[in-house]
Visitor: 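Following this message is one structure expressed as structure tokens.
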Amino acid sequence: MKLEKLVGDRFKERPSDCTIDSHALMLRGGYMKLVANGIYSSYTVLRRITRKIENIIREEMDSIGGQEVLFPVVMPASLWQESGRFQSIGNELLRFQDRNGSLMVLGMTHEEAAVHLVREYGRTYSKYPFMIYQIQTKFRDEARPRGGMIRVREFTMKDAYSFHTSQEDLEEYYQKCYKAYKRVFCRTGIPEVIAVSSDPGMMGGNISHEFVLLTPAGEDSIVTCKNCGYSANMEAAESVIINEDTGNEAPLAKVYTPGMKTIEDVCNFLHMPVQNSCKAVVYQKNASGEYVVVFIRGDLDVNEAKLSRFLGENVRPAVITQESGLAAGYTGPYRLDNVQMLFDRSLIGIKNLCCGANEIDYHYTGFHIERDLGHVEYHDFAKAIEGGICPKCRKKSLTISRGIEVGNIFQLGDKYTKAMNMQYIDADGNLHYPVMGCYGIGIGRLAASICEAHHDEYGPIWPISIAPWQVHLCCLRSDDQKVKEVADQFYEQLQSANIETIYDDRNVNAGVMFSDADLLGVPIRVIVSPRNMKEDCCEIQTRDKTICRKVKTDEMLPSVQELIKELHSRISNSLAK
């Protein structure tokens with residue numbers, strides 16, 4: 001293809017609203033255009049990249065027995081009412097009525113559609129196991145889209161659903177998909193992606209993993225241990241706290257603390273370490289509005305995903321009214337009635353705590369839970385902390401990094417098949433609910449993540465496996481007849497050899513030409529110029545600057561072919577590790 005015919009403009013200035021590099025570069029390079037908040041159109045360059053990503057994913061899904069299907073984007077609400085998610089999911093699910101008044105939804109995920117598709121097919125055990133997958137447009141009405149393709153409202157996703165007659169068979173297939181995902185990320189050029197334990201969230205099930213690219217541009221917090229390899233998303237990471245200095249027991253005393261509403265203010269006022277404070281964090285259940293108070297050590301934060309998982313429903317930060325019976329900023333567990341109280345494990349063993357007295361401007365000191373409240377149950381509601389104790393090796397070696405989730409896999413169990421009454425008859429004539437796994441990869445997010453991992457200040461550096469073209473042919477001084485003739489011959493040779501080539505023969509200066517080439521990020525660049533023609537040579541270089549060589553014009557094609565093989569071998573080597 002000739003660059004002058006490529007739809008989409010490239011420009012030098014970084015857009016002011018771009019917070020991460022991949023977003024800025026993909027806008028500057030003519031990859032996409034904003035349509036509405038979190039919604040983009042893709043130009044040819046991005047579509048060529050995502051199509052290659054899709055084909056790699058198809059090959060890997062087919063290799064583990066997947067069968068490609070296609071679900072509708074629009075579904076009747078009745079499907080989601082069967083599963084219960086129509087009521088349980090919030091505003092992220094877009095609901096609307098069609099012209100006949102029927103309630104419909106835009107698909108943000110397709111578990112319900114998958115069960116609906118195979119509910120009759122899977123009536124006998126002999127049909128199992130099987131896996132179906134699709135690559136489809138979805139819509140999630142995300143509250144805060146950001147980072148270009150990293151977090152959007154409309155997106156393309158590969159989602160797969162496997163069906164099994166036993167948990168053991170699901171676990172075996174789960175491992176196959178786990179390995180297939182590792183191959184996908186190696187083949188698309190980011191073998192550094194790690195798998196971490198994660199919170200299933202609205203998907204349900206007990207076991208799930210996210211595949212994460214560690215990068216400062218990420219919005220997920222990833223907890224890892226360099227000592228033993230433990231890794232988990234912050235939402236799922238266990239918090240281990242051992243209170244070595246529990247303090248000396250003291251009598252319970254009510255203390256006047258005027259205007260001291262924060263833990264820091266109270267501890268400074270009382271001249272005590274924040275580790276000896278009992279912080280109250282108040283929530284309300286989304287469905288009922290009922291108040292829930294979590295008590296946790298003052299220097300820690302509540303992990304709302306853990307709290308929601310424990311309660312079995314979502315929560316929100318509380319709005320404390322006069323009718324609630326709670327004293328905002330002064331809430332404590334002693335003599336607190338008519339509200340659900342939960343205690344984090346970080347409070348275990350501390351004998352001398354300060355806490356709210358449930359009265360404005362007053363706190364207690366000397367509070368000892370076992371003495372003053374009696375027996376309470378402790379649970380893990382805290383976020384893991386930097387330098388904290390690893391739940392696996394028990395060393396103080398936890399590290400918290402930022403990352404982008406590029407894929408996820410879940411063991412769903414029978415959540416959806418049971419809710420939607422999908423059953424099969426076993427060999428003895430008994431009815432059972434099959435168990436499910438589901439496996440997702442966001443296509444656009446993966447492309448943006450690869451750009452985030454592989455770029456310099458001038459533009460993306462696309463891996464050969466997914467690059468929009470394999471070769472970028474630059475004709476410097478197209479007004480020079482000799483240069484133009486040789487460049488045209490090169491273009492014909494490359495096309496005849498089925499090498500994907502973008503050809504720039506515009507009459508522009510070298511700075512403009514190379515700037516556009518950098519923004520397109522094609523891995524191999526062939527440069528024809530008057531200076532090289534004097535030596536009957538051309539210049540071949542890689543976009544990452546690791547290779548730059550001059551070759552005779554009659555050696556251009558075999559040199560390019562050899563370099564393509566070399567770049568592909570780098571991808572293959574990452575698979576072998």
Visitor: Before accepting this row, confirm whether a basic side-chain N of the pair E60/K182 lies closer than 4.0 Å to the acidic partner's carboxylate O.
Guide: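 Answer for the salt bridge query: no.
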Visitor: Under the salt bridge (charged side-chain N to carboxylate O under 4.0 Å, His left out) criterion, do D518 and R525 qualify, and how do the steps go?
Guide: CA-CA 10 Å; D518 286 339; R525 191 176 303 176; 2.7 Å; yes
Visitor: May I ask you to decide whether K482 forms a salt bridge with D480, counting only side-chain N to carboxylate O separations under 4.0 Å?
Guide: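 Salt bridge between K482 and D480, a charged N being under 4.0 Å from a carboxylate O: no.
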Visitor: Between the main-chain N or O of I443 and the side-chain N or O of T50, is there a donor-acceptor pair closer than 3.5 Å?
Guide: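 Pair absent, no side-chain N/O of T50 close to backbone of I443.
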Visitor: Establish, from distance only, whether the side-chain atoms of N532 and S529 form a donor-acceptor pair under 3.5 Å.
Guide: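 Yes.
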Visitor: For the NE2 atom on H164, are there more than 12 heavy atoms of other groups (residues, nucleotides or ligands in this structure) within a distance under 6.0 Å?
Guide: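 Check passes, neighbour count above 12.
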Visitor: Could you tell me if the side chain of N91 sits less than 4.5 Å from the side chain of D141, heavy atoms only?
Guide: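 With C-beta onward as the side chain, the pair stays apart.
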Visitor: Is it true that atom CG of D9 has more than 12 heavy atoms of other residues, nucleotides or ligands lying nearer than 6.0 Å?
Guide: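 Atom CG in D9 is not crowded, with 12 or fewer foreign heavy atoms closer than 6.0 Å.
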Visitor: Is the backbone of G65 close enough, under 3.5 Å, to the side chain of D62 for a donor and an acceptor to pair up by distance?
Guide: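 Pair absent, no side-chain N/O of D62 close to backbone of G65.
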Visitor: So does Q481 have more than 12 non-hydrogen atoms from other groups sitting under 6.0 Å from CD?
Guide: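 12 or below, so no.
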Visitor: Aromatic ring centroids of Y161 and Y416 under 6.0 Å?
Guide: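 Centroid separation for Y161 and Y416: 6.0 Å or greater.
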Visitor: Treating R543 as the side-chain partner and P460 as the backbone partner, does any N or O pair qualify as donor plus acceptor under 3.5 Å?
Guide: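 Such a contact is found between R543 side chain and P460 backbone.
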Visitor: In the structure I gave you, are the side-chain heavy atoms of M26 and V45 within less than 4.5 Å of one another anywhere?
Guide: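 M26 does not reach V45 side chain to side chain.
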Visitor: Please answer whether the main-chain N or O of W80 pairs with a side-chain N or O of S83 as donor and acceptor at a distance below 3.5 Å.
Guide: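 Flag set: sc S83 to bb W80 pair under 3.5 Å.
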Visitor: To the nearest 0.5 Å, what is the distance between SG (C451) and CE (M149)?
Guide: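 Going from SG on C451 over to CE on M149, the span is 11.5 Å.
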Visitor: Should the pair E111-R85 be classified as a salt bridge under the 4.0 Å nitrogen-to-oxygen rule?
Guide: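 Answer for the salt bridge query: yes.
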Visitor: Kindly indicate, with the supporting measurements, whether the criterion side chain to side chain donor-acceptor pair (under 3.5 Å) is fulfilled by Q175 and E171.
Guide: CA-CA 6 Å; Q175 288 303 314; E171 291 174 3; over 6 Å; no
Visitor: Are I461 and K545 side-chain neighbours, meaning at least one heavy-atom pair lies under 4.5 Å?
Guide: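 I461 vs K545: side chains apart.
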Visitor: Has R570 got more than 12 heavy atoms of other residues, nucleotides or ligands less than 6.0 Å from its CZ?
Guide: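 Correct, the count exceeds 12.
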Visitor: Please indicate whether K226 has more than 12 foreign heavy atoms, meaning atoms of other residues, nucleotides or ligands, lying under 6.0 Å from its NZ.
Guide: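 Not buried by this count: 12 neighbours or fewer within 6.0 Å.
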Visitor: May I ask you to test the E235-R309 pair for a side-chain heavy-atom distance under 4.5 Å?
Guide: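 The answer is no, as the side chains (C-beta and beyond) never meet within the 4.5 Å cut-off.
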Visitor: In Å and rounded to the nearest 0.5 Å, what is the CD1 to CZ distance from I404 to R402?
Guide: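 One finds 10.5 Å between CD1 of I404 and CZ of R402.
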Visitor: Is it the case that over 12 heavy atoms from other parts of the model lie below 6.0 angstrom from the NZ atom of K12?
Guide: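 Incorrect, the count does not exceed 12.
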Visitor: Here's a test for you: under side-chain hydrogen bond (donor to acceptor under 3.5 Å, both in side chains), which of T156, D159, T109 qualifies with K138?
Guide: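 Going through T156, D159, T109 one by one, the side-chain hydrogen bond (donor to acceptor under 3.5 Å, both in side chains) with K138 is satisfied by D159 alone.
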Visitor: Tell me whether the centres of the aromatic rings in Y439 and Y181 are closer together than 6.0 Å.
Guide: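 No, the ring centres sit 6.0 Å or more apart.
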Visitor: Test I64 against R183 for side-chain contact (heavy atoms from CB on, under 4.5 Å), laying out the working first.
Guide: CA-CA 12 Å; I64 57 172; R183 292 193 297 271; 4.0 Å; yes
Visitor: Under 3.5 Å, side chain of T501 to main-chain N/O of Y503, donor-acceptor pair present?
Guide: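 No; judged by distance alone, with no hydrogens or angles, the pair does not exist.
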Visitor: Counting only heavy atoms not in Y458 (residues, nucleotides, ligands), do more than 12 fall under 6.0 Å from its OH?
Guide: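 Result for OH/Y458: open.
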Visitor: For the atom pair NE2 (H568) and CG (N573), what is the distance rounded to the nearest 0.5 Å?
Guide: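 Separation between the atoms: 13.0 Å.
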Visitor: Testing the basics here: between I150 and A448, what is the closest heavy-atom pair and its distance to 0.1 Å?
Guide: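 Shortest heavy-atom separation between I150 and A448 comes out as CD1-CB, 3.7 Å.
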Visitor: Run the side-chain contact (heavy atoms from CB on, under 4.5 Å) test on I409 and Y174 for me, step by step, so that the C-alpha distance in whole Å, both residues' side-chain angles and the decisive distance to 0.1 Å come before the verdict.
Guide: CA-CA 8 Å; I409 56 178; Y174 189 84; 3.3 Å; yes
Visitor: Please check if atom NZ in K52 has more than 12 non-hydrogen atoms from other residues, nucleotides or ligands closer than 6.0 Å.
Guide: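 Yes, the 6.0 Å shell around NZ holds more than 12 heavy atoms from other groups.
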Visitor: As an exercise, state the distance from CE of M533 to OG1 of T553, rounded to the nearest 0.5 Å.
Guide: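 Taking CE in M533 and OG1 in T553, the distance rounds to 6.0 Å.
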Visitor: Tell me if a side-chain donor or acceptor on K383 pairs with a main-chain N or O of A237 at a distance below 3.5 Å.
Guide: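 A pair under 3.5 Å: no.
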Visitor: Would you please classify the geometry between the H110 ring and the F71 ring as parallel, tilted or perpendicular, with 30° and 60° separating the classes?
Guide: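 Rings of F71 and H110: parallel, under 30°.
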Visitor: Applying side chain to side chain donor-acceptor pair (under 3.5 Å), can you list everything that pairs with Q136, at least two apart in sequence or on another chain?
Guide: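 Per chain and number, Q136 pairs via side chain to side chain donor-acceptor pair (under 3.5 Å) with no residue.
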Visitor: Check step by step if side chain to side chain donor-acceptor pair (under 3.5 Å) holds for D414 and T417.
Guide: CA-CA 5 Å; D414 63 2; T417 55; 5.5 Å; no
Visitor: Going by heavy atoms in the side chains, are C393 and Y230 under 4.5 Å from each other?
Guide: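 They are not in contact (no side-chain heavy atoms under 4.5 Å apart), so the answer is no.
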Visitor: Please name the pair of heavy atoms, one in F130 and one in K127, separated by the smallest distance, quoted to 0.1 Å.
Guide: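 In this case the closest contact between F130 and K127 is CD2-O, 3.4 Å.
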Visitor: Decide yes or no for V551 and C538: does some side-chain heavy atom of the first lie under 4.5 Å from some side-chain heavy atom of the second?
Guide: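 Heavy-atom side-chain distance check passes, below 4.5 Å.
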Visitor: In Å and rounded to the nearest 0.5 Å, what is the CG to CD1 distance from L6 to I502?
Guide: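 With rounding to 0.5 Å, CG (L6) is 5.0 Å from CD1 (I502).
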Visitor: Any side-chain heavy atom of P463 sitting closer than 4.5 Å to one from T188?
Guide: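 They are not in side-chain contact.
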Visitor: Checking E54 against R47 for the salt bridge (charged side-chain N to carboxylate O under 4.0 Å, His left out) test, could you report, in this order, the C-alpha distance in whole Å, the side-chain angles of both residues, the deciding distance, and whether it holds?
Guide: CA-CA 10 Å; E54 290 170 8; R47 188 65 195 107; 3.5 Å; yes
Visitor: What distance do L567 atom CG and T542 atom OG1 have between them, rounded to the nearest 0.5 Å?
Guide: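 Interatomic distance, L567 CG to T542 OG1, rounded to 0.5 Å: 7.0 Å.
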Visitor: So, the side chain of Y128 versus the backbone of F163: is there a donor-acceptor pair under 3.5 Å, distance only?
Guide: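 Absent.
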Visitor: Can you check whether S239 reaches K306 side chain to side chain, under 4.5 Å on heavy atoms?
Guide: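 A side-chain contact under 4.5 Å exists here.
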Visitor: Would you name the heavy atoms of L34 and A36 that are closest together and state the gap between them?
Guide: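 Smallest heavy-atom distance, with atoms named: CD1-O, 3.0 Å.
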Visitor: Can you tell me which residue pairs pass the side chain to side chain donor-acceptor pair (under 3.5 Å) test with a partner in residues 460-475, sequence neighbours excluded?
Guide: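 Those involving residues 460-475 are Y31-W462.
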Visitor: Taking F11's backbone N and O only, do any of them form a donor-acceptor pair with R28's side chain (distance below 3.5 Å, no angle check)?
Guide: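 At least one qualifying donor-acceptor pair exists.
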Visitor: Keeping the roles fixed (side chain from E386, backbone from I400), state whether a donor-acceptor pair exists under 3.5 Å.
Guide: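 Judged by distance alone, yes, a pair lies under 3.5 Å.
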Visitor: Only one of R151, R445, R153 passes salt bridge (charged side-chain N to carboxylate O under 4.0 Å, His left out) with E142; say which it is.
Guide: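 Option passing the salt bridge (charged side-chain N to carboxylate O under 4.0 Å, His left out) with E142: R151.
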